[in-house]
Structures are given as C-alpha cells and as structure tokens.
> 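Sharing a structure below in structure tokens format, with a few things to ask.
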There are 2 protein chains.
Amino acid sequence: MNVGEVAALAGVTVRTLHHYDRIGLLTPSGRTAAGYRQYAPADLDRLHLVLLYRELGFPLEEVATLLDDPSADPAEHLRRQHRLLRDRLERTTAMVAAVEKEMEARSMGISLTPEERFEVFGDWLPEEYAAEAEEKWGGTDAWAQSQQRTRAMTKDDWLRVKAETDDVEARFAEALRSGVGADSAQAMDLAEEHRQQISRNFYDCGYEMHAGLGRMYVEDERFTAYYERIAPGLAQFVSAAIQANATRHGS
Amino acid sequence: MNVGEVAALAGVTVRTLHHYDRIGLLTPSGRTAAGYRQYAPADLDRLHLVLLYRELGFPLEEVATLLDDPSADPAEHLRRQHRLLRDRLERTTAMVAAVEKEMEARSMGISLTPEERFEVFGDWLPEEYAAEAEEKWGGTDAWAQSQQRTRAMTKDDWLRVKAETDDVEARFAEALRSGVGADSAQAMDLAEEHRQQISRNFYDCGYEMHAGLGRMYVEDERFTAYYERIAPGLAQFVSAAIQANATRHGS
DNA sequence: CTTGACCCTGACGCGACGTGAGGCCGCAGG
DNA sequence: CCTGCGGCCTCACGTCGCGTCAGGGTCAAG
C-alpha cells in the first residue's frame, strides 16, 4: 500500500505519515524504484498502535520508545491501552458528573465554590498522568510493584486508599494552619505516616525515595497544585516535613 | 487572587495564564499598582469554561469566540459541554470495546482485518468533529435544524439513520465496483437518494448545498478518508455522482 | 503522448505553550 | 534599615506535531 491509501484507511493525512517516517516512528518497510513509500501489513499494525497511543496523549517520541521496547509484546500494548482507555473513561465520566452537578446547582439557584468547580481538574490521577508516570518511572521496581498492587485493587479498596490519603492530607493542612513548624515532631510524624501509607498501598517507599517524592511536590507544578488546592502553602509544608522526617531517621 | 494561586487552583501553569492574558482569552479583571494580575471570581468562572473547552479539543481562538458570544448564556455553555462530553464518553467506550475485541480475537488466534482495526478511527462523528462542525457551520440555518433534529433522536432513531446511510453507501460502492460511470443514471439516482436522506434526517439540503457537500468529500481529507475506507475511489465517485445529479436537475 | 491524480523532498508557518534571562515587588529576619 | 528570598513582571527564543505551499518526478488511462 502507498501513503495515500494508508492515510485514507487510518484517517490521517499523508503529511502525518511523512512526518512519522522522518522522525523514525513509522518507517514504511519498503520503497518502490521511484521512491514511493510502500506499507506492509505489519506497518499498519504499528500505525494502529501509534494512533491509539497518540490519542491517549503520549508524545510521539515516547510512543517510539514504547513500541521499540523489545520486552513489550503486542498483548502488552493491548493491555496497557485498555488500562489507559478505562482511566480516560473514568475521568470523562467524572467530568460529565461534574457538569451535571453544576447544571443541577444552577437550576436550583445555588452556586458552587471555586474548589468544587475545579475539582475534576485537580483530581488528576488520570490518563495524562498515567502516561507520564510511566515514562519517568516505568521499568523501576517501585513502578512495577505499584502497578501490580493497584491492578489488584477493587473499587472499594481504592476508595479506602483515597480516604486514607485524604485523611493524612487533611491533618497536614491542620498542622499547617495551627502554625507548628514543618520540622516539628507532629509534622514529622505525619510525614512518617504518609511514607508508610505509600509503602502499604503502592510500593516500598524508603526514606530516601520518600525524600525524592517530597522534593517533587515542590518542583513539579502539578503536584504543587494538588497540595495548594487543599491549602495554600501546603506543598512546601509537606515537602519540608518529609525532608525533616528523612533527616531525623537518617541521623 | 494573583496568578500563582489561580494556577495552583486550576491546575495549570502560570505561563498558561500569561498566555491566555496576552491572546485576550482571559484578561484578569484587575492589576495592582505594581502590575500584578488580579483575578476576580468571575475570571475563575471563565477560566473554568476555558479549560473544559480546551480539554474538549477546541482551539483557543474558537473558545474565545464561544465565550464572547453575547447570545450564549452560562447555561448554554453547560449544555454544550455536557453534550460534547457525552460524545466523548461514547467514543471512548467504542474504543475500549474495539481494544477488547482485538484482545479477544488475539486470545483465540484469530486476526482482524485492517478495516476492522481502524474502524474506530474512521467512525469519527465524534467530539473532534462536533467542535469543528460548529465552527464552520454554526449559526447557519442548516446547522440549527440539524442540531434540533438530532437532539430529538432516540438511540433507535439514530441506529435507523445509520443503517440508511450505510445502505446508500454500500450501494454506491457496488455501483463503483460494477464499473458504471459516476454520471450514469444509476449513480445519479443514488446521489438523489442521498440528498433526500439528508433532507429527511438532518436539514433541508437543496441541490446547490448538496453539490457543496460533494465537493467537500474530495477536498476535506477526513471525509475522503471516510469514503475511501468503504472502497478505494468511492470519495471521488460519490462526489462526481452528486455533481452530475445536481447538474441534471439544474439544467 | 498528453493529462490528471498521486508521489517525492525541502522549507517555512502555526498553535499552545515551555523555558530561561533580566529585573521589579513585598515582607520576614537580622 | 537593608537584605534575602520567593513571587511577579516582560521580552524572546525553543519545541512539538503537524499544515501548507513550492518545485518537480511518476504512473495509468485515454
């Protein structure tokens, strides 16, 4: 098959295929004497995967690394795409619910708080993150462990975990409001609880790794945003408390 | 509220807010003496709408026109967003189903045809299109009519329409395969049937408007892709048949 | 042997920001 | 009082995923 046919079949432009060829994401397996690109069935398979990952928000470069990973067979890709699509489904459902909630509220003359309204944008444990998390930490033991455990979670498990998390976060916020320092025993104890919670629910999180996480809370804007939405200054506070706790344990 | 706080609340970067300010999409309603951006609650409302439309794939410029349209009250936006989100939900569900189908097939050692695999990318009556269609034709009578009628459709209605459409398309494909010309009576009759189908189900489609549609089938790559997926050469064929039919009626 | 559809390779443009650079607030601590 | 230090400001250039010509070869049908 030549470019035009493939483009029509897959619903993309010819230019897109040229682009994928040039960046090495999808090189047609053959060329005619005149230089025409010739796509084999295997190329179509690959294109299919590419388009799905693209749709899910992966940058093309990462799609390439995913597809060129020799340790990932086709079934692996299907499973991953299935997971990501279901995440997306969940997120979209949540957004629909949020809009319906707002419509309801409007029709009753009530108005929601800003926090309520942006809720769905803040609760980004969603696909966008799933994609990136995998790039950053995919392949690490922690990641594998986390994947394994979360896959085994039922909806109830998940709600329990969420409740636990919310609880610690709320108590962090309270500590912050009450004015105690991030290096106070109270704050450090909360940090320790946070660490153990992660270890229990996701992956073995040692002090060093926990400290790394803490740093991320202030360096990655989205994590910062997550904590700032709970209370202004909370990202810094939690991060500092985690460092203090790690230091306390290390010394 | 200043930029940082708003950014944290909404889960976007400060730079994004700067950008929205510069392009006039979201201008903070005030500035301090020092030039600091000051966001009022109304600005947050607007930001919320912006982010939802953005998430739904609208280009920012179009978001601006949507939001600045004085004839669109907040409830209107909510309804539209609700609609678009539900479209997205449907599409994602279809994609999940497609992946599951492929997993099933793999596990049974069967392999799908390329057409089957790209199906979900071809059946783009989805959000992506909804967004664009509204930009191109929003405000025209045809669009309004179509909106009104499709809103009133039940799921069964929709399936019936889809079946009708598939039928005519299949007969077009058959005509093409049988080798009759696009200007044959057979082809023109099919074109006429196509026109009446649109008139019945969507909006009054006169010969001139139909000819315009036909042109689009070959000029817009995605329409072309849609027909090419049914049979190679079908986009041209249908388009030509429509022109011929319009000419026949006009002369 | 022409014609028209399809293919090629540059190369520039664009949308939606990311990412510094260089410099001005503003307020807590010495 | 001034000195940090985080937050804010405005350029301004960089990036990603293509869109869109420009200039030219290719191929099947008539």
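Since the model is a prediction, treat every value here as computed from it, not as a measurement. In what follows, chains carry the letters A, B, and so on, assigned in the order in which the sequence lines appear, proteins first and then strands, with residues in each chain numbered from 1.
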> Decide side-chain contact (heavy atoms from CB on, under 4.5 Å) for B:L56 and B:R80; before the verdict, give the C-alpha distance in whole Å, the side-chain angles of both, and the deciding distance to 0.1 Å.
CA-CA 11 Å; B:L56 287 167; B:R80 173 158 36 205; over 6 Å; no
> Does B:H18 have a side-chain nitrogen or oxygen under 4.0 Å from the phosphate oxygens OP1 or OP2 of C:dC17?
no
> For B:D21 and for A:R54, locate the closest nucleotide of DNA chain D by heavy-atom distance; then report the residue assigned to the nucleotide nearer the 5' terminus.
B:D21
> Indicate whether the side chain of A:R46 and that of A:Y20 have a donor and an acceptor atom separated by less than 3.5 Å.
no
> Would you indicate whether the side-chain heavy atoms of A:D43 and A:R37 approach each other to under 4.5 Å?
no
> Mapping B:I23 and A:G4 onto DNA chain C by nearest heavy atom, which one lands closer to the 5' end?
A:G4
> Can you work out whether A:E5 or B:T16 has the more 5'-proximal nearest nucleotide on DNA chain C?
A:E5
> Taking the side chain as C-beta and beyond, is there a heavy-atom pair between A:D189 and A:R248 under 4.5 Å?
yes
> At a heavy-atom distance below 4.0 Å, which nucleotide of DNA chain D is the first touched by chain B, and which is the last?
D:dG7 to D:dA12
> Within residues 27-37 of chain A, find the residues that approach DNA chain D with a heavy atom at under 4.0 Å, and present them sorted by residue number.
A:A34, A:Y36
> What heavy-atom pair brings B:V63 and B:F58 nearest, and what distance separates the two atoms?
CG2-CB, 3.6 Å
> Round to a whole Å and report the spacing from NE2 of A:H19 to C1' of C:dC7.
19 Å
> For the side-chain contact (heavy atoms from CB on, under 4.5 Å) test, which of B:D68, B:L60, B:L47 pairs with B:L25?
B:L60
> Which atom names give the shortest non-hydrogen contact between A:M1 and A:L9, and what distance separates them?
CE-CD2, 4.2 Å
> Which heavy atom in B:P28 sits nearest to a heavy atom in B:Q38, and how many Å separate them?
CB-O, 3.5 Å
